[in-house]
Amino acid sequence: MDEYFKELVALHRPNRRQGPGSREVTLQALELTGVKGPGLKVADIGCGTGASALILAEHLDAEVLAIDLFEEFLDELKIRATDSGLGSKIATKVASMEALDLEPESLDLIWSEGAIYSMGFEAGVAAWTPLLKSGGVLAVSELTWLSAERPDELTEHWKKEYPEVGLASAKLAILEKYGLSPMGYLVLPKSSWIENYYEPLMARLDEFERGCSPVIDTIIAEIEQEIALYERFANYFSYGFYVARRT
Ligand code: SAH
């Protein structure tokens, strides 16, 4: 792993979550899925240290396969699962979300919070939908414009960082294009970004020494810029949570 990712993983590992979200939103989205056991097969893709995988294991009669690119996150997830008595319900797999070696039509539920952007929403939906059983459900959070009009500066920023950022209507159309029937849409509230993600991340940044390594300084600068952007423009974008069933 190159130094940039090594430091990024070290920075994020101790925190409860590696992206915006909340227990309440995860449970609301889970309610919208309507999935019920027994014996559900669930995958959490880009699970990080398990913010959502642990909740899914707690609330479902299921085997949860927690998938991430970084083994260090999965090691942390295993510790948390054991500590919460959920170790027997969660298996982990180091893999890229772009090359998931899973059986077609094998899953009742695919979960993914704050991660699909890494391969792009449309490519992710196209690649993952065939893994769902007929009637299986996809629940995924994705960067979403909250209004059709917004400051040009913000549009330019996200066009550069994540060109697929779009309105919920465009995301719903993509779900439909790949044979999914939308069942629900939620917007992550500001507390999911600030209290649950940025504040713990800033507290963690204080433990990293500035000026020791250019890589660490780059990471800190990127995070500070991201937070400043969110604080200025929080009314215009958030993560949307999309729940859709394979027809
Ligand atoms: N779902 C977690 C983590 C979100 S951060 C949470 O909500 O807290 C995004 C996660 O996606 C990170 O854990 C990162 O390691 C993982 N990730 C990034 N690119 C990936 C890829 N190509 N394949 C699998 N996981 C990836």
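Numbers here are sequence positions counted from 1. Start at 1 and go down the list; that is how both ligands and their atoms are numbered.
- Considering every non-hydrogen atom in both F237 and F233, the closest pair reads CD2-O, 3.6 Å.
- None of R17, H12, Q18 except one satisfies the side-chain hydrogen bond (donor to acceptor under 3.5 Å, both in side chains) rule with T49; the exception is Q18.
- Without hydrogens or angle criteria, T129 side chain to A126 main chain gives no donor-acceptor distance under 3.5 Å.
- Of all heavy-atom pairs between G184 and L32, the closest is CA-CD1, 4.0 Å.
- For ligand 1, the 4.0 Å heavy-atom shell takes in R17, Q18, G19, G46, C47, G48, A51, D68, L69, F70, F73, A95, S96, M97, E113, G114, A115, S118, ordered by chain and residue number.
- In this structure, the side chain of E63 does not engage the main chain of L40 through any donor-acceptor pair within 3.5 Å.
- Judged by distance alone, the side chain of K89 and the main-chain N or O of L60 form a donor-acceptor pair under 3.5 Å.
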